[in-house]
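All values reported here derive from a predicted model rather than from experimental measurement.
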Number of protein chains: 2
Amino acid sequence: MVVTIKDVARAAGVSPSTVCRALSAPELVRAETRERVRRSAAELDYSPNRAARGLITGRTGNLGLVVPDLGNPFFPGVVKGIQARAREADHAVFLADTDEDPAAEVRLVRTLAKQVDGLVLCSPRMSGTELRGFATQTPLVLLNRRVGRIPAVTVDNPGGMRQAVTHLTALGHRRIAYVAGPRTSWSNRERVRGLRAAVAAAGAHLAEIGPVQPQFDGGVAAADPVLAAGVTAVIAYNDVIALGLLSRFNARGIAVPAEISVLGFDDIALAAMVHPSLTTVGLPMESSGRAGVDLLLALLRDPEGAGATRRELGTHLMVRASTGPPPTD
Amino acid sequence: MVVTIKDVARAAGVSPSTVCRALSAPELVRAETRERVRRSAAELDYSPNRAARGLITGRTGNLGLVVPDLGNPFFPGVVKGIQARAREADHAVFLADTDEDPAAEVRLVRTLAKQVDGLVLCSPRMSGTELRGFATQTPLVLLNRRVGRIPAVTVDNPGGMRQAVTHLTALGHRRIAYVAGPRTSWSNRERVRGLRAAVAAAGAHLAEIGPVQPQFDGGVAAADPVLAAGVTAVIAYNDVIALGLLSRFNARGIAVPAEISVLGFDDIALAAMVHPSLTTVGLPMESSGRAGVDLLLALLRDPEGAGATRRELGTHLMVRASTGPPPTD
DNA sequence: TTGAAAGCGGTACCAA
DNA sequence: TTGGTACCGCTTTCAA
């Protein structure tokens with residue numbers, strides 16, 4: 001059987017109340033008693049049942065994290081940051097993968113909400129209305145999405161696109177393609193917005209392909225339309241799509257970057273491992289996670305949230321081997 | 001505020017007991033009352049607090065999952081399988097990443113154990129003694145590790161190595177290198193064992209390199225020693241190491257597979273995406289996860305576990321572009 | 001078929 | 001400084 005507070009109380013010859021105090025408000029207990037209780041607790045290897053505690057304090061010491069798809073190498077980075085920061089603050093993290101299913105997402109949020117102090121929703125797929133509903137019931141922080149006044153951590157997508165376009169136009173590219181991610185993705189909309197502005201400002205020409213699934217196969221499928229568009233460079237919604245492009249170009253014998261330059265977004269670990277290595281816009285994945293937890297903890301301390309409820313983080317271009325000057329023919 | 005069973009009871013004009021029954025043992029409630037309760041529950045968007053329920057039933061409907069490092073692309077596959085199977089059985093999954101830290105692993109298991117019905121520990125790093133201790137206190141299933149009689153799901157590592165060696169020797173290779181993973185890894189020990197036997201049976205020669213970190217950089221570091229060993233083929237502990245090998249070979253201008261064949265282990269999604277695509281021993285990652293949950297659920301139903309407590313799953317060789325005949329000079 | 005009451009493992013208040 | 005008691009949200013006897 002699991003050891004409870006009563007077992008410790010009996011072993012130490014005190015009441016459960018005293019055990020509770022000795023462990024969570026030591027200054028209220030006589031030093032001698034405190035020590036006795038602590039020894040008993042240690043001997044019995046006691047640790048309080050957080051769920052039971054949460055029932056009365058309203059605080060479980062647990063955070064919930066919901067992500068759409070752990071298979072997308074972008075998310076593990078965020079998860080790492082969140083876990084690290086949460087652990088520093090002595091909170092455990094419960095993680096749920098929704099498998100890109102908005103309905104499952106709603107169910108999981110509902111289930112999790114009861115057992116945690118607050119939730120971090122990473123790139124949530126559910127509707128803004130649903131999100132607003134949850135936000136009124138439970139402390140909530142969004143990552144990579146903005147909905148009303150819900151606390152959120154985002155990255156500067158337009159700024160990233162600006163850097164990407166500056167890089168390409170400096171190399172001499174004038175005709176650029178974009179392979180779009182899901183229409184429902186907030187990040188995709190932001191990236192398109194920034195891209196159009198940057199391309200227009202540079203007086204270059206933009207060909208928009210897609211949307212495609214933000215996966216390897218999406219990139220494979222987009223490769224031929226990209227070539228048909230007669231561009232000298234292509235920017236993908238994310239790195240995974242870019243890898244699909246590279247693969248298909250390779251299969252068709254198209255040299256990268258000699259014949260076409262390829263640029264990704266996210267800087268997943270993989271981007272540096274493939275050949276040619278992928279030029280990409282790096283996002284601060286771990287920092288995003290940490291910032292999300294910081295916002296959530298602040299929200300828990302001060303539920304009315306007079307403090308900052310928004311964070312926007314910068315991006316940085318990682319120039320690698322997949323981009324170069326356009327062909328000179 | 002969150003809606004509780006009392007709110008539903010009040011709305012439906014019945015007692016909390018009746019609400020409880022109407023939702024979890026419908027046959028005990030008159031049809032008319034049952035409907036009234038259900039409508040009220042739906043209107044108020046009520047869902048029971050699983051932690052509170054767990055306090056009394058001893059069943060939370062939650063499973064805990066502990067993995068060493070989500071950044072290793074091997075684990076998300078397993079996690080997917082576990083989540084899918086758990087969801088079918090109406091269980092939520094709480095996932096903790098230990099960041100490869102055995103001490104953190106112990107802490108997390110202890111914290112999680114109180115809030116879940118049982119735990120799946122994926123490739124646990126803690127000592128066998130500690131594992132045995134936990135196993136007596138809480139329902140536990142191990143993935144990729146065998147310790148005493150603790151229920152476990154493993155894959156046939158020696159069998160996978162046999163397939164790999166058969167493939168290489170059939171191509172004509174006689175001198176093969178192995179880049180080893182961590183000495184503490186149960187899987188690595190099993191793979192080495194199978195490999196030595198298979199190489200000996202084929203009358204070939206084996207050069208053992210490492211151990212190295214099971215990461216990209218580990219593979220990069222191992223590449224030069226592999227070449228120095230004068231082999232015509234190399235098998236890596238896992239795909240990530242193999243990718244590091246490919247990268248370094250490429251940088252040194254060594255053609256794969258013309259000059260040396262490279263073979264991985266795991267079949268992470270990435271293996272098919274790189275160029276040249278990676279021949280590798282595929283493990284049933286999702287099935288492992290599902291099987292783990294199955295074992296755990298069986299254990300919960302029948303704690304004495306008269307049933308099967310072990311599952312070993314098969315492996316399958318994925319022949320791709322990174323292996324070919326040895327150079328003919 | 002339904003309700004009242006006890007209790008799961010804790011914490012918090014009040015009184016001693 | 002300590003113990004008794006009530007209660008968090010829910011389930012489960014036991015009676016009615």
Would you say [X]'s side chain and [Y]'s backbone share a donor-acceptor pair under 3.5 angstrom?
{"X": "A:Ser24", "Y": "A:Cys20", "value": "yes"}
{"X": "A:Arg125", "Y": "A:Pro102", "value": "no"}
{"X": "A:Asp117", "Y": "A:Thr60", "value": "yes"}
{"X": "A:Lys114", "Y": "B:Val2", "value": "no"}

Write down the distance between [atom1] ([X]) and [atom2] ([N]), rounded to a whole number of angstrom.
{"X": "B:Leu28", "N": "D:dT11", "atom1": "CG", "atom2": "P", "result": "13 Å"}
{"X": "B:Asn62", "N": "D:dC10", "atom1": "CG", "atom2": "P", "result": "15 Å"}
{"X": "A:Leu23", "N": "C:dG10", "atom1": "CG", "atom2": "P", "result": "10 Å"}
{"X": "A:Asp7", "N": "C:dG9", "atom1": "CG", "atom2": "C1'", "result": "11 Å"}
{"X": "B:Arg10", "N": "D:dG9", "atom1": "CZ", "atom2": "P", "result": "11 Å"}
{"X": "A:Ile5", "N": "C:dG7", "atom1": "CD1", "atom2": "P", "result": "18 Å"}
{"X": "B:Asn49", "N": "C:dC8", "atom1": "CG", "atom2": "C1'", "result": "13 Å"}
{"X": "B:Gln115", "N": "C:dG9", "atom1": "CD", "atom2": "C1'", "result": "12 Å"}

Output yes when at least one side-chain N/O atom of [X] is less than 4.0 Å from OP1 or OP2 of [N], else no.
{"X": "B:Arg30", "N": "C:dT2", "result": "yes"}
{"X": "A:Thr57", "N": "C:dT11", "result": "no"}
{"X": "B:Lys6", "N": "D:dC10", "result": "no"}
{"X": "A:Thr33", "N": "D:dT2", "result": "yes"}
{"X": "B:Ser15", "N": "C:dT2", "result": "no"}

Nearest-nucleotide pick for [X], side chain only, options being [options]:
{"X": "B:Ile56", "options": "D:dG4, D:dT11, C:dT11", "value": "D:dT11"}
{"X": "B:Thr18", "options": "C:dG10, D:dT5, C:dT2", "value": "C:dT2"}
{"X": "B:Ser17", "options": "C:dT2, C:dG3, C:dG10", "value": "C:dG3"}
{"X": "B:Leu55", "options": "D:dT12, C:dG9, D:dC10", "value": "C:dG9"}
{"X": "B:Arg21", "options": "D:dT2, D:dT13, D:dC10", "value": "D:dT13"}
{"X": "A:Tyr46", "options": "C:dG10, D:dG3, D:dT11", "value": "C:dG10"}

- Note down the inter-axis angle between the two ends of the helix from C:dT1-D:dA16 to C:dA16-D:dT1, five pairs each, to the nearest 10°. 50°
- Run the side-chain contact (heavy atoms from CB on, under 4.5 Å) check on B:His91 and B:Val116 step by step: do they pass? CA-CA 10 Å; B:His91 283 246; B:Val116 301; over 6 Å; no
- Message: Under 4.0 Å between a side-chain nitrogen and a carboxylate oxygen: does that hold for A:Arg146 and A:Glu312?
- Response: no
- Message: Using heavy-atom distances to pick each residue's nearest nucleotide on DNA chain C, tell me which of B:Arg34 and B:Arg53 is more 5'.
- Response: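 Counting from the 5' end, the first nearest nucleotide belongs to B:Arg34.
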- Min side-chain heavy-atom separation A:Val37-A:Val29 under 4.5 Å: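 In short, these two side chains do not touch, never coming nearer than 4.5 Å.
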